[in-house]
Asker: 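The structure under discussion is supplied below as structure tokens; questions concerning it will follow.
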Amino acid sequence: MTRDRLAFEPRVAAASLSGASDAAWAKAAIPHVGAAFLGGLAVDEPTREAAREMVQTRDREEFLPADPFAFADQQLDMLADAPLVAGVNVRSSSLAPLERIAEICADRGAICEINAHCRQAEMCETGAGQALLSDPDRLAEQVEAAAQAGPNVSVKVRTEVDGLDLPAIARQVETAGADMIHVDAMDSEGVVAEIAASTDCFVIANNGVRDRETVREYLAYGADAVSVGRPSDRPAVLTRVREATEAWFEADETATGEATQ
């Protein structure tokens with residue numbers, strides 16, 4: 001089953017933060033996470049120009065290396081011996097650069113995560129980020145292109161986008177080759193349950209993951225793992241999340257074992 005095959009331990013991921021989530025950031029989280037998504041990384045000229053505009057006009061941090069492909073390769077190389085599953089969160093408006101990043105991820109045993117999540121206007125105007133959720137056929141094309149390059153493919157999505165059926169989108173990207181759905185639940189946590197019930201993809205729940213209560217809520221909805229965003233550089237938060245996640249799955253294994261006796 002896809003979910004079992006993709007499980008990492010502990011089932012806590014560090015979620016990408018534009019301009020902040022590099023290999024050093026991932027290494028700092030190693031005591032507490034089983035996976036870390038680097039990026040977001042803009043890889044074609046329209047998305048790189050959008051990232052430059054976001055830096056210049058709104059003082060955002062963005063990864064804008066001269067060569068994004070060499071940057072991805074270098075960062076993943078720095079994590080080659082790290083005891084975690086690495087991924088790269090990618091923003092692209094075209095297929096060829098996405099395929100190139102996916103090949104790098106495949107060579108490194110890393111996850112290629114397609115960003116259908118960024119809601120910044122500049123990025124959406126390129127057709128990348130959240131704009132892909134409104135054009136699920138294009139999103140599926142990106143998933144298929146990335147999957148054909150060989151890595152496990154994750155799709156980062158967000159809830160509360162008007163007029164969208166996220167469970168249906170999850171089914172469509174699964175058919176296209178996605179292995180994971182990474183859900184920023186916003187204030188609609190229950191959508192995680194709908195997505196988990198609609199797909200065999202490994203579901204990672206994100207947003208507001210801080211403590212035992214939030215971890216248990218998402219896992220009770222059927223998420224296979226949780227991810228931490230902004231507090232991913234705070235060991236106290238990561239410790240609470242890891243301990244709560246481990247306790248949940250230990251209790252689940254105990255209950256499963258007792259039921260089969």
Asker: In this structure, are over 12 heavy atoms from other groups packed under 6.0 Å from Arg52 atom CZ?
Answerer: yes

Asker: Is it true that Trp248 and Val237 fall in one hydrophobic cluster, defined by side-chain heavy atoms closer than 4.5 Å?
Answerer: yes

Asker: Evaluate Ile114 against Val90 for side chain to side chain contact (heavy atoms under 4.5 Å, CB included), listing each step before the verdict.
Answerer: CA-CA 5 Å; Ile114 295 171; Val90 186; 5.8 Å; no

Asker: Of all the heavy-atom pairs spanning Gly39 and Phe63, show the shortest one and how long it is.
Answerer: O-CE1, 3.5 Å

Asker: Salt bridge check, Lys156 against Asp184: does any charged N sit closer than 4.0 Å to a carboxylate O?
Answerer: no

Asker: Closest approach of Pro68 and Ala42, non-hydrogen atoms and distance?
Answerer: CB-O, 3.9 Å

Asker: Heavy atoms only: give me the nearest Glu62-Gly40 pair and the separation to one decimal.
Answerer: OE1-O, 4.5 Å

Asker: Hey, does the side chain of Thr199 reach the backbone of Ile195 with a donor-acceptor pair shorter than 3.5 angstrom?
Answerer: no

Asker: So among Cys118, Pro97, Pro46, which one has a side chain to side chain contact (heavy atoms under 4.5 Å, CB included) with Arg91?
Answerer: Cys118

Asker: So, taking the atom named CD1 in Ile181 and the one named CG in Asp200, what distance separates them when rounded to the nearest 0.5 Å?
Answerer: 11.0 Å

Asker: Which residue is it: Met180, Glu113, Arg5? I am looking for the one with a side chain to side chain contact (heavy atoms under 4.5 Å, CB included) to Asn152.
Answerer: Arg5

Asker: Hydrophobic clustering (ILVMFWY, side-chain heavy atoms < 4.5 Å, transitive) - are Leu132 and Met123 grouped together?
Answerer: no

Asker: Would Phe37 and Val88 count as a side chain to side chain contact (heavy atoms under 4.5 Å, CB included) here? Give the steps.
Answerer: CA-CA 5 Å; Phe37 293 91; Val88 180; over 6 Å; no

Asker: Within a reach of under 6.0 Å around CZ of Arg60, are more than 12 heavy atoms found that belong to other residues, nucleotides or ligands?
Answerer: yes

Asker: Apply side chain to side chain contact (heavy atoms under 4.5 Å, CB included) to residues Val241 and Asp211 and explain how you reach the verdict.
Answerer: CA-CA 5 Å; Val241 171; Asp211 50 26; over 6 Å; no

Asker: Would you find more than 12 non-hydrogen atoms of other residues, nucleotides or ligands less than 6.0 Å from Asp67 atom CG?
Answerer: yes

Asker: Side chain to side chain contact (heavy atoms under 4.5 Å, CB included), that's the test. Do Leu139 and Val155 meet it? Break it down for me.
Answerer: CA-CA 9 Å; Leu139 176 57; Val155 181; 4.1 Å; yes

Asker: Which atoms form the tightest heavy-atom contact between Glu141 and Leu95, and what is the distance?
Answerer: O-CD2, 4.0 Å

Asker: Check Ala26 against Leu84 and note the closest heavy-atom contact, atom names and distance.
Answerer: O-CD2, 3.9 Å

Asker: State plainly whether one hydrophobic cluster holds both Leu38 and Phe69, where clusters connect Ile, Leu, Val, Met, Phe, Trp and Tyr through side-chain heavy atoms under 4.5 angstrom apart.
Answerer: yes

Asker: Just by distance, do the side chain of Asp44 and the backbone of Ser94 share a donor-acceptor pair under 3.5 Å?
Answerer: yes

Asker: Identify the two heavy atoms, one from Ala66 and one from Arg48, that lie closest to each other, and give their separation to 0.1 Å.
Answerer: O-NH2, 3.8 Å

Asker: Rounded to the nearest 0.5 Å, how far apart are NE2 of His182 and CD1 of Ile111?
Answerer: 10.0 Å

Asker: Please determine whether residues Met78 and Ile30 belong to a single hydrophobic cluster, defined as Ile, Leu, Val, Met, Phe, Trp and Tyr linked transitively by side-chain heavy-atom distances below 4.5 Å.
Answerer: no

Asker: If you measure from OG1 on Thr245 to OH on Tyr218, what distance do you get to the nearest 0.5 Å?
Answerer: 12.5 Å

Asker: Following the transitive rule for hydrophobic clusters with a side-chain heavy-atom cut-off under 4.5 Å over Ile, Leu, Val, Met, Phe, Trp and Tyr, establish whether Phe71 and Val55 coincide in one cluster.
Answerer: no

Asker: May I ask you to check whether Gln172 and Asp137 show a side-chain donor-acceptor distance below 3.5 Å?
Answerer: yes

Asker: Do Val203 and Val183 have side chains that approach each other closer than 4.5 Å (heavy atoms only, starting at C-beta)?
Answerer: yes

Asker: Let me confirm one number: the CG-CZ distance from Leu238 to Arg210, rounded to the nearest 0.5 Å.
Answerer: 10.0 Å

Asker: Does Gln142 reach the main-chain N or O of Ser92 with its side chain, forming a donor-acceptor pair under 3.5 Å?
Answerer: yes

Asker: If you measure from the Lys or Arg side-chain nitrogens to the Asp or Glu carboxylate oxygens, is any gap between Glu160 and Arg158 under 4.0 Å?
Answerer: no

Asker: May I ask you to test the Leu166-Leu133 pair for a side-chain heavy-atom distance under 4.5 Å?
Answerer: yes

Asker: Would you call Glu243-Arg212 a salt bridge at under 4.0 Å N-O?
Answerer: no

Asker: Please report the interatomic distance CG(Leu41) to CG(Asp22), rounded to the nearest 0.5 Å.
Answerer: 11.5 Å

Asker: Any side-chain heavy atom of Phe8 sitting closer than 4.5 Å to one from Val33?
Answerer: no

Asker: Look up atom CZ in Arg119 and atom CD in Gln130, then write down how far apart they are to the nearest 0.5 Å.
Answerer: 7.5 Å

Asker: Under a 4.5 Å cut-off applied to non-hydrogen side-chain atoms, are Val12 and Ser227 in contact?
Answerer: no

